[in-house]
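Everything on this sheet refers to the single structure shown next.
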Amino acid sequence: MPEGHTIHRLALDYGGHFADRAVQVTSPQGKFSDSAALLNGTELTRTEAHGKHLFLGFRDADWVHIHLGLFGKVDFGDAPAPPPTDTVRLRLANDTSYVDLRGPTTCALITDTEKRAVHDRLGPDPLRPDSDPAPAYRRVSRSRTTVAALLMDQKVIAGVGNVYRAEVLFRHGIDPYRAGRDITPAEWDAIWADLVELMQEGVRNNRIDTVRPEHTPEAMGRPPRVDDHGGEVYVYRRANLPCHICGSEIRTADLAARNLFWCPNCQRA
C-alpha cells in the first residue's frame, strides 16, 4: 500500500495537470459512472491529501475521495488519451493530459461534511502544515501497545506505512517493541520532526530514502540497494543482511499484520 508521501505527490500531480481547467470525467469501468456524469465538464478546483487519502475538489463542495488500498494504481499520460480499458475506474482528461485510476479501495463522490468526517477519524499527518503532533503523543503516551504498532495506526498518525515505521525507529535507536507509554516527549518530538523531513523528501523525489549522507553507497563503498521499492534504507526488507552501522543481522517478525524489520543491536530494549 502506498505511504503518505505518494498520496501527497499524487495530489500535486493531479493539480499540476488539471487544476483550474474544465476536465472530461469518465468511468470506463462503470462503477463511478453516475458521479462522473455529474462532474464531467467542471473544473478541478483543488487537490488535497491526508495520510493515505486523496481528495479531488470540484465546484464549491464536491470531492472525489480516493483511497488506493493495496491494489490501486494511478497512471498519467499525455494527450491524446488512448482508448481506456475496462479496468479504469476514473479517467480525467483535457487537451494536454489524462490520468487513469484503477483498482482503488475507495473512489466516491462526497460532500464537505463527509470529507470532514474522514479527516476527523485520522491522526495528524506529518506532511500537512496544519497538523499538531501533540494529540498523537497523548494517545501514544497512554498506550501499552508497541510503538511500532502505534506508528502504523492511522488514527494515531496518518500516512506512515511499513517503510517509514521501520526506518524512523531505527534512525532513533528505538526498540520497536517498546510500549508507547515508554516513549518520552523528547523521543516523540524527534520521531515527528524526522518523519516530516523524510516524508517531504519522499514527496520531492517520489521514493523513500532514509540513510544519512555518511551511510549512502557512495560514502560506504557498498553496492546500492536493488529493490522494487527503490531508495536507500537501513532495515526495511533487509532481513538477515548486516546492519550498515554495526554489522549485526537485521531481524524480521510479524507485527500488526505487517513484516517488521529492526536491528537488535542498534535498537536495544
Side-chain angles (χ1 to χ4, degrees), residues 1-6 123 126-127 133 136-137 139-141 143-154 156-157 159-269:
M1 182 184 298
E3 306 210 16
H5 75 287
T6 298
L127 287 170
Y137 181 66
R139 298 188 68 162
V140 168
S141 64
S143 178
R144 293 184 174 89
T145 302
T146 65
V147 65
L150 290 167
L151 285 173
M152 292 281 284
D153 186 342
Q154 300 300 297
V156 175
I157 181 170
V160 174
N162 208 18
V163 188
Y164 284 120
R165 180 260 298 264
E167 293 297 302
V168 77
L169 290 176
F170 176 87
R171 284 168 60 94
H172 294 275
I174 295 174
D175 181 346
Y177 288 97
R178 277 177 62 185
R181 64 182 184 177
D182 294 332
I183 301 299
T184 68
E187 287 174 324
W188 179 255
D189 288 344
I191 287 171
W192 178 269
D194 208 18
L195 285 170
V196 170
E197 183 175 344
L198 289 173
M199 295 177 76
Q200 286 177 345
E201 184 177 350
V203 174
R204 287 192 298 271
N205 298 333
N206 205 24
R207 73 176 206 172
I208 299 177
D209 288 287
T210 62
V211 300
R212 297 183 171 94
E214 62 269 28
H215 301 134
T216 62
E218 296 79 12
M220 300 185 72
R222 61 177 175 82
R225 180 180 184 230
V226 178
D227 186 273
D228 291 342
H229 286 259
E232 288 293 331
V233 296
Y234 286 108
V235 294
Y236 179 72
R237 283 191 172 181
R238 298 195 67 247
N240 304 317
L241 295 175
C243 174
H244 294 322
I245 308 300
C246 71
S248 298
E249 187 175 279
I250 300 300
R251 292 184 183 175
T252 186
D254 181 77
L255 181 67
R258 301 294 296 276
N259 289 328
L260 173 68
F261 301 90
W262 80 101
C263 173
N265 184 50
C266 294
Q267 296 171 262
R268 293 182 180 181

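The first residue in the sequence is number 1, and the count goes up from there.
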Nearest heavy-atom contact between Cys263 and Val235 is N-CG1, 4.1 Å
Any donor-acceptor N/O pair, Gln267 side chain to Pro176 backbone, under 3.5 Å = no
Any side-chain heavy-atom pair of Ile174 and Ile191 under 4.5 Å: yes
Notebook entry, point to check: What's the verdict on side chain to side chain contact (heavy atoms under 4.5 Å, CB included) for Val233 and Arg237, showing C-alpha distance, side-chain angles and the deciding distance?
Noted result: CA-CA 9 Å; Val233 296; Arg237 283 191 172 181; over 6 Å; no
For the pair Ile250 and Asn240, evaluate side chain to side chain contact (heavy atoms under 4.5 Å, CB included) and give the outcome as yes or no after the intermediate values. CA-CA 5 Å; Ile250 300 300; Asn240 304 317; over 6 Å; no
Please determine if Arg268 and Asp175 form a salt bridge, counting it only when a charged side-chain N lies under 4.0 Å from a carboxylate O. no
Checklist entry - Heavy-atom distance under 4.5 Å between the side chains of Leu151 and Ile157, does that happen here? => result yes
- [ ] May I have the step-by-step check of salt bridge (Lys or Arg N to Asp or Glu O under 4.0 Å) for Glu249 and Arg238, ending in yes or no?
- [x] CA-CA 9 Å; Glu249 187 175 279; Arg238 298 195 67 247; over 6 Å; no
**Asked** Would you call Arg178 and Glu187 a salt bridge, taking side-chain N to carboxylate O under 4.0 Å as the test?
**Response** yes
Under a 4.5 Å cut-off applied to non-hydrogen side-chain atoms, are Val196 and Asp194 in contact?
no
Just so I know, are the side chains of Arg258 and Asp254 near enough to count as touching, which here means a heavy-atom distance under 4.5 Å? no
- Task: Answer yes or no: is there an ion pair linking Glu232 with Arg222, defined by an N-O contact shorter than 4.0 Å?
- Result: yes
Nearest heavy-atom approach of Glu3 to Asn162 is OE2-N, 3.2 Å
Shortest non-hydrogen pair, Leu150 vs Thr145, comes out as CD1-O, 3.6 Å
Looking only at heavy atoms, the pair that brings Leu255 and Arg165 closest together is O-NH2, 3.8 Å
d(Tyr236 OH, Phe261 CZ) to nearest 0.5 Å is 6.0 Å
If you define the side chain from C-beta out and look only at heavy atoms, does anything of Thr252 sit under 4.5 Å from Leu260? no
Value for CE (Met152) from OH (Tyr164), rounded to nearest 0.5 Å, stands at 13.5 Å
Q | Side chain Arg171, main chain Thr210, donor-acceptor under 3.5 Å | A | yes
_When you compare the side chain of Pro217 with that of Pro223, does any pair of heavy atoms fall below 4.5 Å?_
no
TODO: Would you confirm whether Ser143, through its side chain, and Arg139, through its main-chain N or O, come within 3.5 Å as a donor-acceptor pair?
DONE: no
Contacts satisfying ring-ring contact (aromatic ring centres under 6.0 Å, His included) that involve residues 194-225 (not counting sequence neighbours) are His215-Tyr234
message: Working note: Tyr177 + Trp262, criterion ring pair (Phe, Tyr, Trp, His ring centres under 6.0 Å); need CA distance, chi angles, decisive distance, verdict.
response: CA-CA 10 Å; Tyr177 288 97; Trp262 80 101; 5.6 Å; yes
When rounded to the nearest 0.5 Å, the distance separating CD of Glu201 from CZ of Arg207 is 9.0 Å
Smallest heavy-atom separation, Pro213 atom then Thr216 atom, equals O-OG1, 3.2 Å
Rounded to the nearest 0.5 angstrom, the CG-CD1 distance for Asp189 and Ile183 is 12.0 Å
Here the gap from Arg144 atom CZ to Arg181 atom CZ, rounded to the nearest 0.5 Å, amounts to 4.5 Å
Closest heavy-atom pair, Asn265 versus Ser248, reported as atoms and distance to 0.1 Å, is CB-OG, 3.3 Å
Rounding to 0.5 Å, atoms CG (Leu195) and NE2 (His5) come to a distance of 12.5 Å
request  = May I ask you to decide if Gly231's main-chain N or O and Arg225's side chain share a donor-acceptor pair within less than 3.5 Å?
outcome  = yes
